[in-house]
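Read the numbers this way: they start at 1 and go in the same order the structure lists the ligands and their atoms.
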Amino acid sequence: MSDVIKPASEKQILGHPQGLFYLFFAELWERFSFYGMRALLTLYMVNVIFEALAERDYATAAVYASYGSLVYASTVIGGRISDAILGMRNSVFLGGILMALGHFVLAIENDIAFFLALSLIIVGNGFFKPNISTFVGTLYEKGDPKKDSGFTIFYMGINIGGWVAPLLCGWLAAAYGWHYGFGLAGIGMLTGLIFFWSGIKKGVFGDKGLPPENGNIHKTVMGIKQGILVPVLAVLSAPVIAYLLSSYKAVATDGLFADQNIVNVIFKFIGIAVLAYLAYIMFKATLDERKKLFVAVLITFFMTIFWGFHELSGSVITLFASRNVSLDGIMTAAQTNSLNSMWIIILAIPISMMWTRLSKSGKNPRTPYKFGLGLLFAGISFYILAISGNSANENGLVPFAYLLLMYFLLSVGELFMSPVGLSKITDLSPIRIVAFMMGVWFLSSAFAFQVVGFIGKQLAIESTDKNVGGFETLAVYTDGFELIAYYSIGAGLIVLLASPLIKKLMGNVH
Ligand code: GLN
């Protein structure tokens, strides 16, 4: 179906290619499913899957980290397969179907189904996420100044999904049961696919996103067409990934709580391999390329630190919200997952306007300063949570306003770093390895989840009591948040101090 070539629609909406709005809605619904599910995931593991274990927080932190690492690492493979065989359209379809399937399998109440479902989402996201993002880029001619604002609109779609989904899925889960929440996430993903499909039917993408001209999709390997082999292997990889994810559980039930999880080990190897390959590329590059690549690696590293703290929102911060934040009559703990996206929606346009305004007077801070400030904001946001303990009531619950303020500051930090970094990666990488560097950029989120897992395990509370909380848990969290605040502020200050030097290495890149 996706092979049909139609002339590109010339129609524009708000000055952007019509196709952008189909991709916007497709991604909005995909993120709806992703973040609707994520809002429930940690609480579901603690209260259902690992309920009987005293070390349930620890086990949850480990599985959450493995899931998050793999869900972002799979994008590197999904991007490569799309470039070489499937093309973006087929990849988005394949990914979307696998993710929807995953969400529906999650609606089955069973431990095996649980790990299989997470695996289907991991594989599906690998095909969907990188390809829909690059698809946006293809809608614009090279150097089109509209491209940046196209991406800002797209980022809004992501966050509209991320804002609404935890509210709805969280409400369904609380009112009717976990599985209704997961089911709605699946319906969201299907809705996204319908938008994408209707865009193709209307011909809004023209000939964009079709399989590569090498014709690999029709070539056979072991007598099977590659276009068939890829989806079959994708489905077959799910049980293997499920085994990797659940490998942790076997260790946990043996009562051993050392870090014996296979995914951790795999990521150590991937980390070493990527660094070695980067060193090799840098060695072969020209001096100017080498300087820029070094900066690209640096900003990816800073981004990893930032996401490592930011992505705690779906794990430790959700548990903190459920145990130690006064949420009565406001929202449920799962629903607090919507706060980050809510702030992004409010702040994205004012902050991008601020950069444009500052550029006009030549005062737009260069990338390393923005990154330093972003890490400072993240640090201060955690400091707010750390001091919230001083305002706890007699039940050890802190006012909701602290959480709201914390997410405000964290979101400002995100907007100083994430969209800026994304476009700098493309500017700083030599064209021949820009796709690889994009992969490294996504891997920064994957490695960040290893940090999330590490912190989650440090702040794990041992208990099977459903009502654990109050002063028993408050100090564990606030002490942890204070430490994170110092690390993040320290990192931010180091980046700011090093900025004049980094700036020089960047040459003409702003
Ligand atoms: N919130 C953004 C998204 O969902 C970025 C998340 C990340 O890279 N860790 O696309």
Side-chain angles (χ1 to χ4, degrees), residues 23-39 41 64-65 67-76 78-79 92 95 99 121-122 124-137 151-166 185 188-189 192 299-315 317 337-348 351 371 374-375 378 407 410-425 437-453:
L23 298 180
F24 171 94
F25 282 111
E27 175 66 343
L28 184 160
W29 283 108
E30 183 269 337
R31 289 288 102 178
F32 176 99
S33 76
F34 185 84
Y35 283 115
M37 186 287 264
R38 197 197 75 164
L41 185 58
Y64 186 84
Y67 163 74
S69 288
L70 292 171
V71 96
Y72 279 101
S74 66
T75 57
V76 180
V92 166
M99 284 182 80
I121 296 169
I122 288 168
N125 189 67
F127 283 105
F128 192 102
K129 180 81 168 149
N131 291 305
I132 195 147
S133 320
T134 19
F135 210 147
V136 174
F151 269 107
T152 308
I153 295 175
F154 188 69
Y155 210 68
M156 290 295 251
I158 290 178
N159 284 291
I160 294 173
W163 169 51
V164 180
M189 185 62 252
I299 65 171
T300 310
F301 174 71
F302 300 144
M303 206 62 232
T304 309
I305 301 177
F306 180 82
W307 288 133
F309 299 150
H310 180 288
E311 291 287 357
L312 285 168
S313 48
S315 67
I317 299 173
N337 276 269
S338 70
L339 296 172
N340 169 228
S341 284
M342 178 193 83
W343 283 122
I344 296 285
I345 295 167
I346 297 173
L347 296 166
I351 290 187
F371 266 59
L375 283 165
Y407 272 118
L410 192 65
S411 306
V412 174
E414 179 177 342
L415 287 168
F416 271 49
M417 296 177 76
S418 173
V420 180
L422 189 63
S423 74
K424 291 310 147 201
I425 286 289
M437 288 308 289
M438 273 323 257
V440 175
W441 179 257
F442 272 121
L443 273 180
S444 77
S445 290
F447 280 101
F449 274 90
Q450 295 294 304
V451 179
V452 170

For Lys129 and ligand 1, answer yes if some heavy atom of the residue is under 4.0 Å from a ligand atom, otherwise no.
yes

Contacts of Glu311 meeting salt bridge (charged side-chain N to carboxylate O under 4.0 Å, His left out) (sequence neighbours excluded), chain-then-number -> Arg38

For Ile158, take its heavy atoms, then give the atoms of ligand 1 lying under 4.0 Å from any of them.
3 (C), 4 (O), 10 (O)

Using a 3.5 Å distance criterion without hydrogens, assess whether the side chain of Asn125 forms a donor-acceptor pair with backbone atoms of Val71.
yes

Whether the side chain of Thr304 engages the backbone of Thr300 through a donor-acceptor N/O pair (distance < 3.5 Å, no angle test) should be reported.
yes

Enumerated ligand 1 atoms positioned under 4.0 Å from heavy atoms of Ser445:
7 (C), 8 (O), 9 (N)

Is it the case that atom CH2 in Trp163 sees more than 12 heavy atoms from other parts of the structure closer than 6.0 Å?
no

4.0 Å heavy-atom contact, Tyr35 with ligand 1:
yes

What residue and atom, counting heavy atoms only, is the protein's closest point to atom 5 (C) of ligand 1, and at what distance?
Trp307 CH2, 3.8 Å

Atoms of ligand 1, numbered as shown, that sit under 4.0 Å from any heavy atom of Arg31
3 (C), 4 (O), 10 (O)

Using heavy atoms and a 4.0 Å limit, tell me yes or no: is Tyr72 in contact with ligand 1?
yes

Using modelled atom types only, decide if a donor and an acceptor are shared between the side chain of Ser69 and the backbone of Ala446 within a distance under 3.5 Å.
yes

If you have a sec, work out which protein heavy atom is nearest atom 9 (N) of ligand 1 and how many Å separate them, to one decimal?
Glu311 OE2, 2.8 Å

Between the side chain of Ser418 and the main-chain N/O of Glu414, is any donor-acceptor distance below 3.5 Å?
no

